[in-house]
Structures are given as structure tokens and as C-alpha cells.
There are 2 protein chains.
Amino acid sequence: MPDRDSHETALRLIETLRQLPRYPKVITPQELRDRLAAHGFKVDIRTIQRNLNDLSRYYPLCNDEKKPQGWCWMPNADITDLPSMDPATALAFRLARLHLAPLLPATLLARFDPYLKAADRALGDSDLTYRWADKVRMVPNGLALRPPTDNAEIIATVGEALLRECCFTARYRNRDDAERAFQRVHPLALVLRGPALYLLATLDDFEDVRQLRVHRFLSADLQPEQPRRLPENFDLDAYIRKGGFEYPEGEPIQLVALFQRGAARHLDETPLSDDQRIVDEDDGRVRLTATVNDTALLRWWLLGFGAGVEVREPAALRAEMAETARRMVWRYRPA
Amino acid sequence: MPDRDSHETALRLIETLRQLPRYPKVITPQELRDRLAAHGFKVDIRTIQRNLNDLSRYYPLCNDEKKPQGWCWMPNADITDLPSMDPATALAFRLARLHLAPLLPATLLARFDPYLKAADRALGDSDLTYRWADKVRMVPNGLALRPPTDNAEIIATVGEALLRECCFTARYRNRDDAERAFQRVHPLALVLRGPALYLLATLDDFEDVRQLRVHRFLSADLQPEQPRRLPENFDLDAYIRKGGFEYPEGEPIQLVALFQRGAARHLDETPLSDDQRIVDEDDGRVRLTATVNDTALLRWWLLGFGAGVEVREPAALRAEMAETARRMVWRYRPA
DNA sequence: GCGGTAAACGACACTCATTGTCGCATGGAT
DNA sequence: ATCCATGCGACAATGAGTGTCGTTTACCGC
């Protein structure tokens, strides 16, 4: 792309900044030369050395003082977005952060911090001294469970192995605290259930698909040379649908239930299904009709209303609720 | 910052790209000159005009053909991160997206798309043809309610008014479908409850704080000149704590409950509280002890287990659960 | 329709930032 | 100790980027 007014230098410098990895990883000027050449920038190594030194005066770059220099962004370098973040996106990040705080492992959540900082900066730039902190909140509508503590490196390794479709070696702590070591973990998929992160994988030479809690790994080391083995006919969606994670997908049913008016209020605004209908009853309750899947979660959700709901149809579900209620009473029978 | 080897041009071009807003907004070369000058780059307007034309050959920029040209990034322009996204962050975005899909209004969720694209690109760059799509899933651990449909412009306007602490005019549809018009909405805070987004605001000349469902706004127009009025002694946290959103914060209690073993399994890994303890009982159940807040959500969560849980302490809560169970049975009494 | 104003743009010459080359210093490996 | 690769200072060449100026274009008020 050599032309008059091409700003080739500027474009190359931007590409240089893009190619630089963040701290733990580094890149040598030689490698950088190849990468840039692949993007159409053919320059001398000397120029790249100079550029890196120059750029490091304006951006938080650093290099290990090794012989083939390894350059990288400093670990806490701010993120610069092109185009930079607009207020609406900044708001989305703020709100997302509120939602995610109890849902994502802490180390993954921390990955968003530079973006949140970018959001604040994007706002601060335009003479708005204001901060979101005083202006957005979340009111939990579920019980806040503590997300498991985790290890940043291990999650990163597992994610990278999954991505690169290679194995990793690992030590793992069982539910009963027994420690096991695996020579080859063949990662198949990551599954989130609430805040819990599961890895589906086959182990060593075995064929069966196992669920491993990511936060139970004690160590994980990438084996880039060891390609992952994929079991024949593995179908992630089918695995989940069939109940691999305790929540098998149920059949669609036509739910009819009577709610106390207050209890069902927010159903108006966040409906259960697209075809949901709510009509007033004579006794002050409301009748909800909706097509939903017949799952354990549905029961759990209905039970949460306590005596605030009465299932009318289907009859089987009504019977089940009634039976559950009787067993609850029995639980609390006087001794 | 004029110096030998300063790469002043390149730095200025990067800053130019940063200052360019995304599509609906535009910036004129004149304004750009002032902005750049504020960052220490003093150049002729002619140069900026040239730069913009040059840059638009390499980046998706466009200008309305108005007389003072308005330049901007094209609406679907990809995001370039400096430093670019690493695989672990890309993974975090993927997982976050899974969590957020049912929680954020669609138009806010869409704000993340460029970042997800950047994530894919970051991976694709390093010869990994691989896509996350087949490898990450979420298993919902709550009933999936439909997030309300919303309007991108209205959310953006509300967010911006909140941020800039100015009013906006609006038309609003009440719960009972009556339409109201407000000359001045004074935005105080945004509150998320599940997927529902509420604006706390005072209206026109009134002093009382109202809750407005953002997705019920029919229109919203920013009034940048009209500064927001803040009621005296408004305390967002206090407002929520006192039950402004139906979930008043309860007193800490010492919960003791017996769970069926299977039901409590995941409590091991995502505890209720930091001091939670779980011990086996003789009858095959487990005894959970934890300090939690005595809230409606707690009841709702406990009820969800149906007969799978028995609250032992505190006595008041036990009595309440027992009473609820009796009323449930009564609900389902044979006609 | 018409003149006035402001912005955009083409042309051009100047200059200095950027680059490749070369030579020397440094440091690790054989 | 020697060799090789790398980093870096110096320097000269050149051409990219800049300000200036003059012309063209579009818009606005009268």
C-alpha cells in the first residue's frame, strides 16, 4: 500500500500496537517483522526496534531485557478502543458488570475491568466529571450465591486448550477430596450452570465424557503438541438436552395457574412465554396461561410462590404440587 | 511533544481516530482541530481534512456531505482494541454473553456485539480457525423469563440524560395503558431488577421520587440545557434498602436447615454465605448452617426445594414455612 | 436570482521526520 | 577465547507530511 499520502508509517505503528500481546506473553522484533510483513508492511528490523523504543515513550510498553528482546504491554495497560466507547455502550458495560458480579468467577470478571475503565474514560473525556457509581444499582431477584473462587491461570489454560483443541495435563481434586492426576485432558466444551463452570472432557485414553469442575483443578499445563481427541458422535446440545446437567429439557405444556395479584405483577412485564395471557378472576386473583417446558426449574419457580399460586392445569402438575405441599406439611409436623 | 523520532503524526492520527464518534453522532474538522489542540497537537485545518480523507481509505469512516463536514465511524465498524484482546478475555466475553442474553434488554446486549466480534477476530488472527460457538453453553439455573422489548434510542437518551445530569422530555405509557407526557424528567438513577430496567426520577415540578419502567417510555428527547434537579437527601442505597423495589433488606439470621443430599449438592460449590457449614445427618440428609439475610428472596429460595428442605432455625422462619405449607395444601384441597 | 461567507479541495514547495545502511558494542553459546 | 546474533548510535538520502494560497463549491439571507 505505498502511495502518496498513505500514512503508511502511522498504519504500521497501529498494527504494531495491535500485535503486541499483554504482559505474560511477549513478542520479539523478529517475529513482529514477520507479522507486519504478513500485513503488507515490509520494513527493516532496525526500524521496528526504533519504533518500539519510540512507542514505549507514549504507551505503557515494556520489554524484558533478554537478548532477543521480548516486548509487551504492561499488565495494567489501559485499553484504547477504536472507535472509542460511546455512552450507551458504557452504560451497557456498567449494567452487565452488575449482573455478572455474582455469576462469573472473579478472575474472569476482572477481565472486564479495563473495559469498564475505558467506559469511564470515554465519559470523562467529554468534560463529564460524573461517575456511574452513584447512579446504577442492581436489585437481585434471586438469592445471591457466592461464586466459587478460582485461579486465573488455570481458567486461562483450560480456555486456551479448548480453543486450540489441544490437551493439557492437570491435577484435580475430587468431590471427596481425593487428588488425581491426568496426563491428557481432552477438552470438549465449557458449560456454565449459574456461577459454576464445568469442563466436558475425556481423560487420558478413556472414551467416556466426564464433567470436571474447573475450579477444582489444582494445576493445568498446556500441551500444545498434543491434539485433542474428539469422541465420535459427541453432540454438546444433545448431551445437555438429555439431562447431562440435571436439567433435562421437558415437553411443552399448557400451564394454567392462579396467582395472587401482587405476586404476578412483574409477569406482566417479563412474561414466561411469548403466548402468555393474564386475565383477572372473580376472587381477586389472576389467571395465567402460557406454554412452557415441563421442567424441574418450572416446579422450583412455582413452589417459590408458596401459597401465592395454584396450578390448575395440567392435572398431573397440579397433583404433583398438591403432593409436594402435603409432604412439606408432614416435614413440619409437630414432633 | 515535538521531538526527534516523536512519531507525532502517527500519534495524532490515532488520537483522531479516537475522537471520531460512531455513526449517529458526527464531528466537524473544526471541532476536531480544537480537540486535538487540547491534546497538544496544533495543526492546520487543511491537514485534518487531508488526514480524514486519507484515513477513510483504510478505516470505515464516512462523512455526511454537509457543508461543515460531519465525520464518523460507520455504524457497523469493527472495534480495534489496543492492546488487542487475549484469549482469556475473549472467553470471558463469550461466557458473559451467555449469562446476559436473558438479562439485558436486547438493544443493550447488542452493544457487546462489536466486542464479541473483536474476540473472535483476536482468536482468528493466530491461525485458529476455531469458533467458540460449538464449545460454550449455559445451562440456566433459573426460569428464563422473556426480557422486555425495548428501544435503543430511548435507552441511550435516558442513559445520557442520567450521565449528563440533565432533563429530558418524554411520553410514557402507564401500567393501565394511559399515556402521559412529561416536560421535564429529572433522572436520578437506573436500577436493574432482573431483566427489568427502572429509572428513578422526579417529574416536572414535583418533588417525589417515582419509579418509571424504561421500556414503557414511548419517546424521550434530551434537554441538554435543562439541568437536573436532585431532591434533597436523596440516597439511592437507602431507597433500595428500605424496600423501594419490594425486596427490603432483612436482618441477618442464623439459618439451620436440613436438605436432602442431592438437593444441597451444589451448595457445596456455590455457598450461601462465607460461614456456611454442611454436615451429614443420620437420616441421610445434610444439615446446613449459614448466616443469611432474612428476606423474601430467602423464603422464595427455600420454598423452591419443596419437601426437599426442612427449616430448623430460626423458629419463626420454621413456623412461617410450616404455615405456608398448610396454606398450600388448603389451596389444593379437593373441591 | 444574487452576492456574501465559509468550507472543501487541488497544487506546490519546503522541510524535517523516517528510513536503510553501516559499524561498533554487548552478551550468550559453543 | 571465539563466534554469532542482536541492539543501538550515527548519518545521509528521500519522500511523506505540512502550511500556504488560490480556486471551486455549497449554503444562506435578502
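Quantities reported herein were computed from a predicted structural model and do not represent experimental measurements. Only this structure's heavy atoms are used, side chains among them; waters, hydrogens and symmetry mates stay out. The chains referred to below are lettered A, B, ... by the order of the sequence lines, with proteins before strands, and numbering in each begins at 1.
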- Task: Give a yes or no on whether a salt bridge exists between B/R184 and B/D205, defined as a side-chain N under 4.0 angstrom from a carboxylate O.
- Result: yes
- May I ask you to say whether A/D44 pairs ionically with A/R33, meaning some side-chain N is under 4.0 Å from a carboxylate O? no
- Message: Closer than 4.0 angstrom, basic N to acidic O: yes or no for B/D86 and A/K25?
- Response: no
- Quick one: is D/dG17 close enough that its OP1 or OP2 comes under 4.0 Å of any side-chain N or O from B/N51? no
- Item | Length of the CG-P vector between A/D54 and C/dA17, whole Å | 12 Å
- Task: Establish, with yes or no, whether the OP1 or OP2 oxygen of D/dG7 is under 4.0 angstrom from a side-chain nitrogen or oxygen of A/Q30.
- Result: yes
- Message: Quick check: do B/L116 and B/R94 have side-chain heavy atoms less than 4.5 Å from each other?
- Response: yes
- Task: Can you tell me the distance, in whole Å, between the CD atom of B/E31 and the C1' atom of C/dA6?
- Result: 17 Å
- Could you check how far CD1 of B/I45 sits from P of D/dC21, rounded to whole Å? 16 Å
- Query: Hey, does the side chain of B/Q69 come within less than 4.0 Å of D/dA26's phosphate (OP1/OP2), counting only N and O?
  - Reply: no
- A/T47 side-chain N/O to C/dG20 phosphate OP1/OP2 under 4.0 Å: yes
- Item | Residue-phosphate contact under 4.0 Å: A/H7 side-chain N/O, D/dG17 OP1/OP2 | yes
- NZ of A/K42 versus P of C/dG20: gap in Å, rounded? 12 Å
- Message: Without decimals, in angstroms, what is the distance between B/L11 CG and C/dA17 C1'?
- Response: 13 Å
- Query: Hey, which of these two, A/G70 or B/K66, hits DNA chain D nearer its 5' end, going by closest nucleotide?
  - Reply: A/G70
- Measure from the side chain of A/D44, starting at C-beta and using heavy atoms only, and say which of D/dG17, C/dG20, C/dT18 lies closest. C/dG20
- Taking for B/V43 and for A/W71 the nucleotide of DNA chain D with the nearest heavy atom, the one nearer the 5' end belongs to A/W71
- B/N53 CG to C/dA7 C1', straight-line distance once rounded to whole Å: 13 Å
- Item | For atom CZ of B/R33 and atom P of D/dG19, their distance in whole Å | 11 Å
- Message: Rounded to whole Å, please give me the gap between CG in A/N63 and C1' in D/dC8.
- Response: 13 Å
- Query: Is it true that B/D204 and B/R180 make a salt bridge, defined as a side-chain N closer than 4.0 Å to a carboxylate O?
  - Reply: no
- Task: Using a cut-off of strictly less than 4.0 Å, decide whether B/Q49 has a side-chain nitrogen or oxygen near OP1 or OP2 of C/dC9.
- Result: no
- Query: Would you say the base of D/dG19 and the side-chain of B/R50 have a donor-acceptor pair closer than 3.5 Å?
  - Reply: yes
